[in-house]
Amino acid sequence: MESYGALLKKTREAKNGDLDIIAHEISIEKRYLVGLEEEDDSALPGSAYLKGFLRNYAIYLDLDPEYVLKLFHNKELQESGVPEGLYEPIHPTRNLLPIIIPVAMILCIIGIIASLLIVKKYNIKDDNVVVSSKLKNRSFELTDKKFQQRVYKGDQFLIPTGNNNQIVVNVSSTLKTLGLAMPSGTYYVELSEESELDVDGDNASDLIVYVSDISSTDESRGAEVSILLYHGVAAADSALSDADVASITAASEVNPKHIQRVLIEDNRAYPFTINANFRDACLFRDKVDRERSVEGYFAKGDLFTATPHNGIRLWMSNSNSVKFTIIADSRTYDLEMGAAGKVLVEDIKWIKDTDGKYKLVVIEID
C-alpha cells in the first residue's frame, strides 16, 4: 500500500510547494512537515498533534485527509508486533513456496487495483497532481447567505439585480492580491483586508469582500475569500444572517463578574478578522462561531488567522506568548492578553445592548 509520507512529498513537489512557505501559511513548523513526509514520528510532538498536522497538511495539498490518515493507521498496524499466542511457529523445514507465490500474486493484483483507484480519485498523471475543480472556470451565484470558498483565476460571481438580471464579476488575479473585474472597473483586495466594493458604478457598496488566504508566489493556488451581498446586509441592518443575528448575546446576559473591554460600538454587527502572532510556545485552542473547537501547538514565529462572523472563543496555555490584532470595519486594534505562563480563556464577540447598539467586546472568562 502507498506510503502516506511519500504521497505528501510527491504531491507537494508536483505543486512546486516550498516547505518554508507552506509552514508559514498553515502555521506548522517546517521540521514537523519534514517529519510527516519522512514518516519520522520522533520529530513530532505527539500522536494527537501528528494526526492534526497530518490532516491540515493533507487538506492544504488538496488531498483527502481521511485517506491520508488511513494510510497512517495502516503503517501503525504494520509496525505493531503480532500479539503472542495469535500465531503458530512454522517448522523451518516446511516448504513455503506453494503459499508465498499465490499470496504474492494476490497482493500485486490488489496493489495495481488500489493504485488505479488512487490515480482516478486524485487525477495524478506524470507526477503532477491536478485538482479537477481547477480545470475549468466556475460560476457562483451569490445570495444573501455568506459565500466562503477558495476561488481561482477565471472564476465568476453572478450578482442578482432588481430586474431579474445578473451582473458578472470575474476573478482576474489570485497572485498577491485578489483581482475582481466588474462593470465599474477592476478592484484589488489585499490579504486580511475587508473591502466594500461598488459593482455597478452607482457609488453604493454592493459587496463586502474579505481575503483570508492568497499566495504571493503561486497564482494557481487561488484565494480563500468570504463575500457578502451588501444589499442583503442593509436589509437586516446587520452584516450577519438572521440566524447569526438571533445568536448574538444580549448585554444583559453577560456575567457582570467577567471583565469586559469594548472595542467597537456600531449600528450593525459584521465579520471581523483576528490575527495571532506567537512570540513563544503555546498550546492554543479556538472556536469560531458555532463551529467545532480546534486545538494545536504553536511555536515562536507562528501565525494564526480567523474570520468570525459573530464571535470567537480563545483558550491559551501561555497568554503572554501571543499578541492579537483585531481588524474590523477597516480599523485595527492591538490586544495584549495576560501575564507570562497564565492560562487564559477569552471571548471576542458581538453583543447587543439595551439601546439596540452592537458592541464588539473582549470578555475574560473564568
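Side-chain N or O atoms of Glu39 include one that pairs as donor or acceptor with a backbone N or O of Gly5 at under 3.5 Å. The backbone N or O of Glu291 sits nowhere less than 3.5 Å from a side-chain atom of Asp289 that would complete a donor-acceptor pair. The backbone N or O of Lys349 lies less than 3.5 Å from no partner atom in the side chain of Asp347, so there is not a single donor-acceptor pair. Counting only distance, with no hydrogens or angles, the side chain of Lys30 and the backbone of Val34 share no donor-acceptor pair below 3.5 Å. The closest donor-acceptor contact from the side chain of Asp353 to the backbone of Asp355 lies at 3.5 Å or more, if one exists at all.
Of the charged side-chain nitrogens involved, none lies within less than 4.0 Å of a carboxylate oxygen, so that Lys70 and Asp64 do not count as a salt-bridged pair. Residues Glu66 and Arg55 are paired through a salt bridge, judged by an N-O separation under 4.0 Å between the basic side chain and the carboxylate. A salt bridge links Asp62 with Lys15: the distance from a Lys NZ or Arg NE/NH1/NH2 to an Asp or Glu carboxylate oxygen falls below 4.0 Å. Between Asp155 and Arg138, at least one side-chain N (NZ, or NE/NH1/NH2) sits under 4.0 Å from a carboxylate O, which counts as a salt bridge. Between Asp286 and Arg313 there is no salt bridge, since no side-chain nitrogen of the basic residue lies less than 4.0 Å from a carboxylate oxygen of the acidic one. Between Arg12 and Glu37, at least one side-chain nitrogen of the basic residue sits less than 4.0 Å from a carboxylate oxygen of the acidic one, meeting the salt-bridge criterion. Electrostatic pairing of Glu295 and Arg285 counts as a salt bridge here, judged by a charged N lying under 4.0 Å from a carboxylate O. Taking a cutoff of 4.0 Å between a charged side-chain nitrogen and a carboxylate oxygen, Asp266 and Lys357 do not qualify as a salt bridge. Between Arg221 and Glu25 there is a salt bridge, since a side-chain N of the basic residue sits under 4.0 Å from a carboxylate O of the acidic one.
Contact annotation: the side chain of Leu158 never approaches that of Phe140 to less than 4.5 Å [non-hydrogen atoms, C-beta and beyond]. In this structure, Val171 and Tyr152 have side chains that are not in contact, with every pair of non-hydrogen atoms separated by 4.5 Å or more.
The closest side-chain donor-acceptor pair between Glu141 and Gln166 falls under 3.5 angstrom. Judged by distance alone, the side chains of Tyr210 and Gln148 never bring a donor and an acceptor atom under 3.5 Å apart. For Asp40 and Ser42, the side-chain atoms include at least one donor-acceptor pair closer than 3.5 Å.
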Working for side-chain contact (heavy atoms from CB on, under 4.5 Å), residues Ile274 and Thr325: CA-CA 6 Å; Ile274 177 168; Thr325 302; over 6 Å; no
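Aromatic ring pairs are classed by plane angle as parallel below 30°, tilted from 30° to 60° and perpendicular above 60°; the pair Tyr32 and Phe53 is parallel.
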For residues 180-190, dump all side-chain donor-acceptor pairs below 3.5 Å to protein atoms at least two apart in sequence or in another chain.
from	atom 1	to	atom 2	distance (Å)
Ser184	OG	Tyr187	OH	3.4
Ser184	OG	Asp198	O	2.5
Ser184	OG	Val199	O	3.0
Tyr187	OH	Asp198	O	3.2

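Heavy atoms from other residues, nucleotides or ligands lying under 6.0 Å from NZ of Lys153 number 12 at most.
Between Phe147 and Phe157, the distance from one ring center to the other falls under 6.0 angstrom. Checked against the 6.0 Å centroid threshold, Phe278 and Phe284 count as a close aromatic pair.
In the hydrophobic clustering of this structure, Ile28 does not group with Ile21; members are Ile, Leu, Val, Met, Phe, Trp, Tyr whose side-chain heavy atoms approach within less than 4.5 Å, directly or through other members. Linking Ile, Leu, Val, Met, Phe, Trp and Tyr residues whenever their side-chain heavy atoms come within less than 4.5 Å leaves Val168 and Val225 in two separate clusters.
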